[in-house]
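Presented below is the structure to which this report refers.
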Protein chains: 4
Amino acid sequence: MPHRNSRRTNPRPRPEEGSEPEKRRAILHAAVRVFAAKGYHGCRIADVARQAGVAYGLVYHYFQNKDELLESVFAEQWTILLNALEAIRSGPGTSLEQLASVCRFVLDVFRTAPDAVRVLILEVARAPDSLRAGSTRQTFEAAVRLVSEMVRRGQETGEIRHELDPMVTAACLLGAIELTLTGLVLGILGGPSPSEQEIERLEGQVVATVLGGLASTRR
Amino acid sequence: MPHRNSRRTNPRPRPEEGSEPEKRRAILHAAVRVFAAKGYHGCRIADVARQAGVAYGLVYHYFQNKDELLESVFAEQWTILLNALEAIRSGPGTSLEQLASVCRFVLDVFRTAPDAVRVLILEVARAPDSLRAGSTRQTFEAAVRLVSEMVRRGQETGEIRHELDPMVTAACLLGAIELTLTGLVLGILGGPSPSEQEIERLEGQVVATVLGGLASTRR
Amino acid sequence: MPHRNSRRTNPRPRPEEGSEPEKRRAILHAAVRVFAAKGYHGCRIADVARQAGVAYGLVYHYFQNKDELLESVFAEQWTILLNALEAIRSGPGTSLEQLASVCRFVLDVFRTAPDAVRVLILEVARAPDSLRAGSTRQTFEAAVRLVSEMVRRGQETGEIRHELDPMVTAACLLGAIELTLTGLVLGILGGPSPSEQEIERLEGQVVATVLGGLASTRR
Amino acid sequence: MPHRNSRRTNPRPRPEEGSEPEKRRAILHAAVRVFAAKGYHGCRIADVARQAGVAYGLVYHYFQNKDELLESVFAEQWTILLNALEAIRSGPGTSLEQLASVCRFVLDVFRTAPDAVRVLILEVARAPDSLRAGSTRQTFEAAVRLVSEMVRRGQETGEIRHELDPMVTAACLLGAIELTLTGLVLGILGGPSPSEQEIERLEGQVVATVLGGLASTRR
DNA sequence: TATGAATGAGAGTTCATTCAT
DNA sequence: CATGAATGAACTCTCATTCAT
């Protein structure tokens with residue numbers, strides 16, 4: 001009986017520099033959707049395979065195990081977000097304008113790809129330690145650091161108050177976005193199925209709240 | 001003949017009508033801890049029973065099933081928080097002072113009972129729909145509304161900017177708190193095991209950020 | 001400590017020589033009903049206790065365990081049947097008349113106490129070996145023997161064909177009754193809720209079929 | 001290029017489109033045996049899997065749950081019986097001969113496959129309502145109807161007494177067979193392990209009893 | 001007698017993972 | 001690459017039985 005591979009010349013099963021097998025992609029996309037819909041633990045391999053229209057076992061051909069799959073989902077989504085944040089940071093505009101862009105960007109993405117955002121935002125810290133210990137935590141931290149960097153630069157230029165801790169400020173800003181999104185998802189804000197205009201209005205509100213603060217006068 | 005006592009002639013210290021059985025309480029407490037440590041799906045009945053020091057089956061004596069148990073946990077924790085928020089709202093102080101108190105209160109509780117806070121904050125929206133559809137969503141919404149009410153009153157007294165939407169503002173405030181807590185839990189803020197002083201500092205930072213906003217000058 | 005009851009002149013709860021405690025009786029009655037409704041394995045102690053209106057533990061006060069309880073139910077029901085069969089046997093009438101009475105008796109009882117009959121007839125051989133090994137098998141066999149005795153006597157008087165094996169004949173007769181009852185219970189015979197008249201008609205049919213046989217002419 | 005096969009050169013014994021997977025069959029067979037040995041409620045999935053020599057989970061690969069498995073067992077066995085009855089009915093012979101064949105057939109099958117018969121005969125009406133409501137009740141009724149049809153035809157040809165109700169007669173006949181089998185199973189008839197000859201003798205006895213009736217003379 | 005809280009073994013079901021084809 | 005049958009550990013839930021009061 002011929003063994004699997006006479007010489008193992010690696011005919012091609014390797015991710016072949018850059019070009020990713022189409023089915024791998026399908027699985028990843030499916031995972032995002034299922035993940036978003038059912039959460040980390042509710043997301044079963046069978047669901048992902050069915051959603052992707054591939055055979056059960058193929059998932060294990062491309063991913064070591066469930067954790068690696070979901071870790072990949074996280075990583076990919078975060079990478080997209082990080083790239084966007086980085087683009088904003090290295091782009092034009094004052095720090096305050098950049099931070100406003102961050103708010104708008106996330107809520108904008110939600111409008112077009114709510115699943116991805118849910119995965120990104122709502123599932124952080126929900127995954128098991130194994131995940132958190134992995135790249136996810138790092139990328140999450142990276143996002144906070146990136147935003148805190150914008151804050152720090154704003155402090156240098158005098159746009160942002162010096163007394164604020166950039167990291168805490170970044171956390172507050174991202175947290176404000178997150179819970180606004182949660183409110184949206186749960187239907188507490190914006191109603192059961194918010195219109196695009198409504199979401200735009202919420203964007204403006206979040207920006208105003210976070211940048212300007214609640215108080216009408218400075219103490 | 002001396003009757004045992006004025007009203008309650010219960011010969012044996014029976015589960016004292018109306019008062020909650022001690023073991024039920026133990027199970028609930030254990031559930032909070034396990035829940036916080038492992039999340040909704042990672043939380044197994046066996047863990048809860050062991051943690052509570054009771055037999056497996058007893059959990060099912062007091063609770064219909066896993067969902068009802070965890071729903072109870074949610075309900076209890078939220079009730080505690082809601083009561084505290086309500087106490088703050090109906091207490092003394094200006095609206096801004098009250099909102100500052102809210103920030104401080106949650107972070108304070110975290111210092112003394114991090115598990116409860118994790119359950120409360122980190123698990124919202126993570127539970128299955130059955131839970132979200134239940135009392136949890138309502139109480140979550142209640143919390144947002146309570147805070148938004150404080151905001152609204154602050155707008156009436158002129159302390160808080162009129163252009164802000166109270167609900168969005170409340171969501172931002174609670175979100176800022178939440179992600180700061182998440183940062184604490186993950187060790188991104190305050191280091192691996194933050195001192196009480198460090199947490200106090202973070203409290204001040206969050207209050208300053210949220211109430212005063214990021215911008216050093218108003219547009 | 002004051003004892004339970006200053007006077008407590010034993011109003012009656014004592015087993016009072018020979019007289020069976022009222023609650024024991026209630027449990028037994030309840031067991032018959034539950035047993036009939038749910039079958040041996042579907043019958044839970046909790047159901048019996050609730051149906052009897054007594055506390056859980058009391059069942060174990062009067063009966064060693066579930067098997068003993070259900071064995072008691074069997075024994076009691078069979079005893080009633082055996083006594084009736086014996087009364088018929090030692091009573092007046094030819095053998096054929098007696099056997100007709102047996103048919104009528106069982107179907108009659110069904111009319112007034114279908115539960116008891118179901119337990120008696122439908123549950124034989126369904127119970128675990130432990131039960132079958134016990135008195136149930138013996139009483140079941142006793143019933144067959146009793147009927148076969150009537151058959152034997154009929155053969156002696158020439159009423160019944162000599163070529164028949166009394167035991168097989170008895171089994172056939174009881175079997176005919178049983179499946180007719182099953183048909184009644186399942187609604188295949190007599191419709192969903194048969195009238196008394198309908199049951200009477202079935203009685204006559206069974207008697208005619210069993211005693212006279214199917215064939216219109218003897219070979 | 002050699003086409004797949006002349007008839008059966010299947011390189012891999014794949015589940016052969018359309019044909020039933022071999023292991024599914026093994027599970028079904030095992031279920032019959034375990035079912036017969038322990039009854040509906042005593043029959044555990046683990047037993048079936050072990051008996052079939054397959055892994056626990058495979059049972060759930062082929063069957064939704066325990067009820068569906070046992071329903072399948074019922075359905076299959078009844079189908080076999082129904083087919084046999086139908087074959088007898090549409091075959092040659094007078095009605096009386098056909099009915100005699102029915103008696104002989106069932107007792108014959110018992111000789112070669114006692115398990116299947118036990119399942120078929122002894123477990124009817126013992127299963128939970130869910131089962132009874134399903135195909136089982138219908139097929140049971142179908143069997144009674146099939147036999148009653150033979151009776152009716154016998155009445156038309158004058159072989160069978162006109163005064164008998166075909167349905168009741170059919171029930172009596174099948175009941176006679178059933179309780180004779182029960183007697184066999186319990187060792188009340190034919191002794192602990194009856195020889196084939198003994199069973200043949202019982203067959204004759206049952207036929208004689210049912211067809212000819214008990215009475216030696218017609219009233 | 002009587003109660004019902006407490007126990008824990010056992011059974012059904014799910015699902016990540018492996019493997020032969 | 002691709003498939004999906006096969007495996008079995010893990011988990012939820014049930015219920016007979018015990019026991020302190």
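Letters A, B, ... mirror the listed sequences (proteins, then strands); counts begin at 1.
Projected onto DNA chain F by closest heavy-atom contact, Val59(D) and Cys43(C) fall at different nucleotides, the more 5' of which corresponds to Val59(D). Looking at which nucleotide of DNA chain E each of Gly57(C) and His61(C) is closest to, the 5′-most match is held by His61(C). Positionally, the nearest nucleotide of DNA chain E for Ala55(B) lies more toward the 5' end than for the other of Ala55(B) and Tyr60(D).
When both distances must be under 3.5 Å, the Watson-Crick or G-U wobble mate of dA20(E) is dT3(F).
For the pair Tyr62(D) and dA6(F), the criterion of a side-chain N or O lying under 4.0 Å from OP1 or OP2 is met. Applying the 4.0 Å criterion to OP1 and OP2 of dG8(F), one finds that Tyr56(D) has every side-chain N and O outside that range.
Here the P atom of nucleotide dC11(F) and the CG atom of Asp67(B) are 17 Å apart, to the nearest Å. At whole-Å resolution of the value, CG in Leu58(C) and P in dT17(F) are 16 Å apart. Rounded to an integer number of Å, the gap from CZ of Arg44(C) to C1' of dC13(F) is 12 Å. Between the P atom of dA16(E) and the CD atom of Glu68(A) lies a distance of 15 Å, rounded to the nearest Å. Atom-to-atom, NZ of Lys66(B) to C1' of dT12(F) comes out at 8 Å; the value is rounded to the nearest Å. Between the C1' atom of dT14(F) and the CD atom of Gln64(B) lies a distance of 13 Å, rounded to the nearest Å. Going from atom CZ of Arg24(B) over to atom C1' of dG4(E) covers 16 Å, rounded to whole Å. Taking atom CG of residue Leu70(A) and atom P of nucleotide dC15(E), one finds them 14 Å apart after rounding to whole Å.
Note that OH of Tyr60(C) and CG of Leu69(C) are 8.5 Å apart. Values are rounded to the nearest 0.5 Å. Taken from NE2 in His29(C) to CD in Gln51(C), the straight-line distance is 12.0 Å, to the nearest 0.5 Å.
Of all heavy-atom pairs between Pro21(D) and Tyr62(D), the closest is CB-OH, 3.3 Å. Residues Ala49(D) and Val59(D) share a closest heavy-atom pair of CB-CG2, 4.1 Å.
Taking a 6.0 Å sphere around CD of Glu68(D), one finds it holds more than 12 heavy atoms contributed by other residues, nucleotides or ligands.
Within the 4.0 angstrom heavy-atom criterion, only backbone atoms of the sugar-phosphate kind lie near Ile45(B); the bases stay farther away.
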